[in-house]
Every structure is written in C-alpha cells, then in structure tokens.
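For reference, the structure discussed in these notes is given below.
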Amino acid sequence: MTIRVGIIGTGLIGEDHGRKLAGGAIAGSTVTGVTDVFRARAEEVAGILGGARVFETGAELIASDEVDAVLVTSIGPTHAEYVLACITAGKPVMCEKPLAPTTPECEAILAAEVAFGRRLVIVGYMRRYDPGYRLVKGALEAGTIGVPLMLHNVHRNATVGEAFTSFMTMTDSMIHEVDTTRWLLGEEITSVQVIAPKRTPNAFPHLQDPQFAVFGTETGILSTVEFFANCQYGYDVRCELVGSLGTSAMTNPTFEATSAGGGVATRIPADWRERFAGAYTAELQAWISGLERGETVGPSAWEGYAATRVVEAGVEAVRTGERVTIDYVAKPALYA
Ligand code: NAP
C-alpha cells in the first residue's frame, strides 16, 4: 500500500520532507500534490518531486481524492486552518511545529479531533526520533540513573539573520527543548523563567543573545536551556539528565574523526538539517508506516497544545524576566 501525501507549504522543510517522501528514503509513500501561496515555488518543488499535481489552494489539496494524507509545512500562523480542514475531511495530517502559535487555536484543534472521535493529527517534534535523545530516555526508563532531578540543555546556532527576534528564541528554537523536556520526563511544565546574560557582540542589537531559561515541572524537576543564537562555531545541541544515582548525557553524533598533527578533529554539524536529518527520516517513516497499519503514530495534538502553552508563557517570561506559572485545560481521554 502506498500512502499518497499532499504537501501544503513548499518552503525549506516542505521540500526536504517531500524529497524523502517521494524519493524512496521513506518506504510506502509518494507525493501526489503540493500547494503554496507562492505558486512558482510549488511548481518548482512539484518538478523536483517528479511531477506532483500543483493545487491552487490548501483546501483543494485536502479535498482531493488523489491525497490520502496531508503534510502541513506552511508558516505557523496558517497551521490551524489547514489542520482543522483535515480533521473535517477525516484525513490524517502531520503538522510541522508549532501545531499553532496560540493556545485558542490549539484548543480548537483538540476539540475538533475529540469530536471526530479518533486521532488524525501528529506534530513534527522530530527530536523524539533522534538516537541520542532516545538513549537518554532509555537510560531513565531502565532505572540506571535513578529518579530524574535536573535536565540541562544546550541549543546553539552558528548565526541567525536580522529577522530573528528575542521572542523567536522561544517560539522557534526553545520550543524543541520544551517538547523534549516534556517527553523525556513524562511531566508537564508548570513554570518558566528566562534570564538575560551578558550579550554577545556578534548579534544584531535588537536580539537578546544568549538567553537562559529555567523550566519547572509538576514534581519540581528543573530543566535548564542555554540558547545561543550566534555562537559562531556551528550547530550544537546537547542534553544531560541528572538523576539520583547518576547522569545520562547525549553525546554529539559521531562524524569522521581525523587524527593528525598531534591532535584529533571531528566535525560539528553546520545546522539543524544536518544534525537531525536521520530524525526527520525516522519521524516520517513512523508516520507513514503507522498509516499503512491504520494507526496514527507521532506526537499528538495534545503534545502540540502543551508545547504552545509553555511557549506562550515563555514569551511572557522573555518580556518580563519574571517566573511565569502555567496551567492547562483538562486533558481529553483521547490523549490519555
Ligand atoms: P519557509 O521556508 O518560509 O516555507 C514556508 C512556505 O509556506 C513558504 O513557501 C511560504 O510562502 C508558504 N506559505 C505561506 N503562507 C501559506 C499559506 N497560507 N498556504 C500555503 N503556503 C503558505 O519555512 P520553513 O522553514 O520551511 O518552515 C515551515 C514550518 O516548518 C514552520 O512552521 C517551521 O516552524 C517548521 N519547521 C520545523 C522544523 C523542525 O525542526 N521541526 C525546522 C524548520 C521549520 P511565502 O514564502 O511566499 O510566504
């Protein structure tokens, strides 16, 4: 059985995912439709993907008999409209993060999916499929490090463009640590504070860079995140989980190591596309293989809602520097 995917939003990650879904990297999928507000770009990507049909609108793509499942990779503010339309049409949908930028939009998606009666929506939190994060989770679940007490995260980009703002550190970048914190610990985040350290001279003046966030969870575990947007040297993502009996640290992926001149040199990934390439493939494969079995596999709409809820509070914390507490709507049984 081949799952025929339609892609809404053929920008950077829409094309990347499309190449995997159409090009054989993912077993059991093909891409039959694409659409983008920038039609010329959709036509270009349709050509790259071997002649997928270009739809005029997302609504037409979702309604098409030629599309079994939908991938939403347009910009965040458009996500809720498309995800809701997929639920109305009863079509499975994978939505890139965020599920939606605001909690009312996420709550509308939860309500629609609950009314539909079964899960259709997954959200693209691909770090859950990264071998490094999975080893840390495995060590915790095996009991090797005891009960979790603290999680330390580092998230560094080489550079960011002038359009990147101090709030985007939370909405675009630390949103990943929000999800990995929730997933690794199996607890909701109940508070967030963001501290502004001394600024690097290598950021545009409007950007507070770096930033240091402290998330607190239901049982009082602290999860810290150093986010540094202009570290200059490469893309560097780390985490160490500290437990009552030991720690589990994610090592960077191993690239070829060159020993020469009395030293050892290994590469650092240039960016997130290189660092998490395998995780993106694994998340897409898990989604497609699940659909072949009639299952919805991947982070749920609840996970998307919870991350957005924390990020909203995080934006407030960036603005005020205060500790912001977080509460949630009751979790529907569908997501138990
Ligand atoms: P991008 O390169 O800007 O691509 C987004 C595309 O969507 C653009 O071609 C844009 O067209 C198009 N678009 C805008 N409004 C639309 C609409 N109403 N209907 C259909 N298409 C529309 O952005 P990107 O980097 O690919 O990011 C896309 C999404 O993926 C974002 O939500 C982002 O947060 C997420 N993302 C996730 C990860 C991850 O690690 N999981 C990584 C990267 C991105 P115009 O350019 O003409 O506006």
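Just follow the structure's listing: the first ligand is 1, and inside any ligand the first atom is 1. Computed from heavy atoms alone, side chains included, the values below leave out hydrogens, waters and symmetry copies.
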Per-pair distances, 0.1 Å, donor-acceptor, side chain in residues 212-225, under 3.5 Å, sequence neighbours excluded:
{"unit_1": "Thr217", "atom_1": "OG1", "unit_2": "Glu187", "atom_2": "OE1", "d": "2.7"}
{"unit_1": "Thr217", "atom_1": "OG1", "unit_2": "Ile221", "atom_2": "N", "d": "3.1"}
{"unit_1": "Glu218", "atom_1": "OE1", "unit_2": "Glu188", "atom_2": "N", "d": "2.7"}
{"unit_1": "Thr219", "atom_1": "OG1", "unit_2": "Glu187", "atom_2": "OE1", "d": "3.0"}
{"unit_1": "Thr219", "atom_1": "OG1", "unit_2": "Glu187", "atom_2": "OE2", "d": "2.8"}
{"unit_1": "Ser223", "atom_1": "OG", "unit_2": "Asn153", "atom_2": "ND2", "d": "3.2"}
{"unit_1": "Ser223", "atom_1": "OG", "unit_2": "Thr181", "atom_2": "OG1", "d": "2.8"}
{"unit_1": "Thr224", "atom_1": "OG1", "unit_2": "His152", "atom_2": "ND1", "d": "3.0"}

Whether Tyr125 and His176 hold their rings parallel, tilted or perpendicular, with breakpoints at 30° and 60°
perpendicular

Please answer whether the main-chain N or O of Asp327 pairs with a side-chain N or O of Arg309 as donor and acceptor at a distance below 3.5 Å.
yes

Between side-chain atoms of residues 98-113 and protein atoms elsewhere (two or more places apart, or another chain), which donor-acceptor pairs fall under 3.5 Å?
{"unit_1": "Thr102", "atom_1": "OG1", "unit_2": "Glu105", "atom_2": "N", "d": "3.4"}
{"unit_1": "Thr102", "atom_1": "OG1", "unit_2": "Glu105", "atom_2": "OE1", "d": "2.7"}
{"unit_1": "Thr103", "atom_1": "OG1", "unit_2": "Glu312", "atom_2": "OE1", "d": "3.0"}
{"unit_1": "Glu105", "atom_1": "OE1", "unit_2": "Thr102", "atom_2": "N", "d": "3.3"}
{"unit_1": "Glu113", "atom_1": "OE1", "unit_2": "Tyr335", "atom_2": "OH", "d": "2.5"}
{"unit_1": "Glu113", "atom_1": "OE2", "unit_2": "Leu120", "atom_2": "N", "d": "2.6"}
{"unit_1": "Glu113", "atom_1": "OE2", "unit_2": "Val121", "atom_2": "N", "d": "2.8"}

Between Tyr280 and His17, ring centroids under 6.0 Å:
yes

For residues 149-169, which residue pairs pass the salt bridge (charged side-chain N to carboxylate O under 4.0 Å, His left out) check, not counting sequence neighbours?
Arg156-Glu226, Arg156-Asp236

Can you tell me which residues line ligand 1 if we count any heavy atom under 4.0 angstrom from one of its atoms, in chain and number order?
Ile8, Gly9, Gly11, Leu12, Ile13, Asp36, Val37, Phe38, Thr73, Ser74, Ile75, Gly76, Thr78, His79, Tyr82, Glu96, Lys97, Pro98, Gly124, Met126, His176, Trp272, Tyr280

